[in-house]
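Everything on this sheet refers to the single structure shown next.
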Number of protein chains: 2
Amino acid sequence: MEKDKIDKKEHILDVAEKVFADLGYDGASTRTISGEAGVNMAMLNYYFGSKEGLFLAVFERKINSFRTLLQNISSDGSMNAWDKLDKCIDNYVERIIANNCFQKLINREVSMNKRGDLTDKIIEILMVNVYEVKRIMEEGVNNGLFHADADIPLVIATLFGTKNYIVNMPQISSLVLGHDIRDEKFMENELKPRVKTYMKRLLKAYLVKEHDNSK
Amino acid sequence: MEKDKIDKKEHILDVAEKVFADLGYDGASTRTISGEAGVNMAMLNYYFGSKEGLFLAVFERKINSFRTLLQNISSDGSMNAWDKLDKCIDNYVERIIANNCFQKLINREVSMNKRGDLTDKIIEILMVNVYEVKRIMEEGVNNGLFHADADIPLVIATLFGTKNYIVNMPQISSLVLGHDIRDEKFMENELKPRVKTYMKRLLKAYLVKEHDNSK
DNA sequence: CAAAATTAATCAAACGATTGATTAAGCGTA
DNA sequence: TACGCTTAATCAATCGTTTGATTAATTTTG
């Protein structure tokens, strides 16, 4: 049936996304992916033409969900810059930290930079989110809510970099935190709220003028 | 002569470091490395036992110098926790941001969790440095210089994560910063002091009690 | 010192294993 | 039967590694 076909392709894409994230593009062999997905090796080429086609399919499937993540927050006139940033942090932590394997995949391919066409596409997508956050922060500076000499580009590097460090190097952050961050319960009940609280307090301490230090 | 022998091994390590960084561990074949270095393929195994041995040799050569530097700072009794951290940031930025291709390599390999033996060794070596920084921060908390409720593990994620973001995704951070960070002059004269200033101000604002906010 | 013995360094060639990809035959359903 | 799906078998290419032979350097010996 048509429905089974779609479900099977989706299943392959799910598995491929995870395997690519774990092993990288080179490290993820077509045999490993097909084996993990429980399908014959030739099915990958049958459905997606080639390994690169499969990779592109994995990537493009995710594009839409990343497009609109922050835009509605940014354009909300009822919030000041800090409240928007607060909301951005909430959404980002909630959404990215939980489903992290695609982020790992993206970061690795961007840092590799040897597959030009694909890398350019990925960067273009990522920049949409980055510019959205940057715009919010600059709004805060212009409104006098944030320090005028705040280094916004580097704050962005901190916001996304801290998140990347946690999700991209789970073994290291697990050791530093004292818990396995791949544990679903710890992630949901402890790490997520903890990262939210930390990130807000950190950025507030650096960005916001005369904020309440006590809490 | 003895000197030539050493120089040759060092030359192979130099080339291997660059090729590994450009192509990744999987992407860098022993043939490419030996070809680029102008030596016979078998020399890699003769000198370093295996491809993995070569990689580890490249890795340990880089990490050792920084490790002793950190330990010297950490054990210096004449500085308080913040001054130590200040010095760590200076050294870290000066050292890592400039020579970044190796850091990209390390982060890429660690973020793949399925190459067990090699990844474990890398993590083990990296953690020495991470724990050193952690120890300094905890010292600051215990001495009452830093806020008692400071989330030290996440501060570490910020410190290393911000750096990683800048050096691992130069295309993105170049766009955010408005300059090509791969430009040597900009990197040395502007980015380095800027990151130092930012990192200290950020961590100070979050960590240190009753610091001077004005500057 | 010089010849012999030993060790270290280097090379081309080939190894078995694995890679991404393709093939032709078999399968189930319409 | 005819068609879309699935499979095992197989392809050439490349992988990291090993081999045996050869040369260069060093040490031992007479």
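Just so it is clear: chains get the letters A, B, ... in the order the sequence lines come, proteins before strands, and each one is counted from 1. The basis for the numbers below is simple: all heavy atoms, side chains too, and nothing from hydrogens, waters or symmetry mates.
- B:Lys200 places a side-chain heavy atom less than 4.5 Å from the side chain of B:Asp90.
- Of the N and O atoms on the side chains of A:Thr158 and A:Tyr206, not one donor lies less than 3.5 Å from an acceptor on the other residue.
- Rounding to whole angstrom units, CG of residue B:Asp26 and P of D:dC15 are separated by 11 Å.
- The distance from atom NZ of B:Lys84 to atom CE of B:Met79, rounded to the nearest 0.5 Å, is 6.5 Å.
- The distance from atom NZ of B:Lys51 to atom C1' of D:dT18 is 17 Å, rounded to the nearest whole Å.
- When the C1' atom of C:dA9 is taken as reference, atom CE of B:Met41 falls 16 Å away, rounded to whole Å.
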Return the polar atom pairs (N/O with N/O) between nucleotides 10-12 of chain C and the protein under 3.5 Å, or none.
from, atom 1, to, atom 2, distance (Å)
C:dT10, OP1, B:Lys8, NZ, 2.9
C:dT10, OP2, B:Tyr47, OH, 2.8
C:dC11, OP2, B:Asn40, N, 3.2
C:dA12, OP2, B:Asn40, ND2, 3.4
C:dA12, N7, B:Asn40, ND2, 3.4

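- Side-chain contact between B:Met187 and B:Arg182 is absent, with no heavy-atom pair separated by less than 4.5 Å.
- Between B:Arg108 and B:Asp26 there is no salt bridge, since no side-chain nitrogen of the basic residue lies less than 4.0 Å from a carboxylate oxygen of the acidic one.
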Give me the distances for all protein-to-nucleotides 24-28 of chain C N/O pairs that come in under 3.5 Å?
none

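- Here A:Leu154 contributes atom CG and B:Thr162 contributes atom OG1; the two are 8.0 Å apart, rounded to the nearest 0.5 Å.
- Ionic pairing of A:Asp22 and A:Lys18 is present here: one or more N-O contacts between side-chain nitrogen and carboxylate oxygen are shorter than 4.0 angstrom.
- Axis orientation changes by 20° from one end of the helix from C:dC1-D:dG30 to C:dA30-D:dT1 to the other, with each end axis drawn from 5 pairs and the value rounded to 10°.
- Both tests do not hold together for A:Lys8 against A:Tyr47: distance to the six-membered ring centre under 6.0 Å, angle to the ring axis within 45°.
- Sequence order on DNA chain D of the closest nucleotides to A:Arg31 and B:Ser50 puts A:Arg31 first from the 5' end.
- Side-chain nitrogen and oxygen atoms of A:Thr30 include at least one within less than 4.0 Å of the OP1 or OP2 phosphate oxygen of C:dG20.
- Between the P atom of D:dC5 and the CZ atom of A:Phe48 lies a distance of 13 Å, rounded to the nearest Å.
- For the pair A:Phe55 CZ and C:dT19 C1', the interatomic distance rounds to 18 Å; values are reported in whole Å.
- A heavy-atom distance below 4.5 Å is found between the side chains of B:Asp151 and A:Arg194.
- Atom P of nucleotide D:dA8 and atom CG of A:Asn45 are separated by 16 Å, given to the nearest angstrom.
- How far CG of B:Leu159 is from CG of B:Asn164: 9.5 Å, rounded to the nearest 0.5 Å.
- With A:Arg135 as the fixed residue, the side chain to side chain donor-acceptor pair (under 3.5 Å) test singles out one of A:Glu139, A:Glu138, A:Glu132: A:Glu132.
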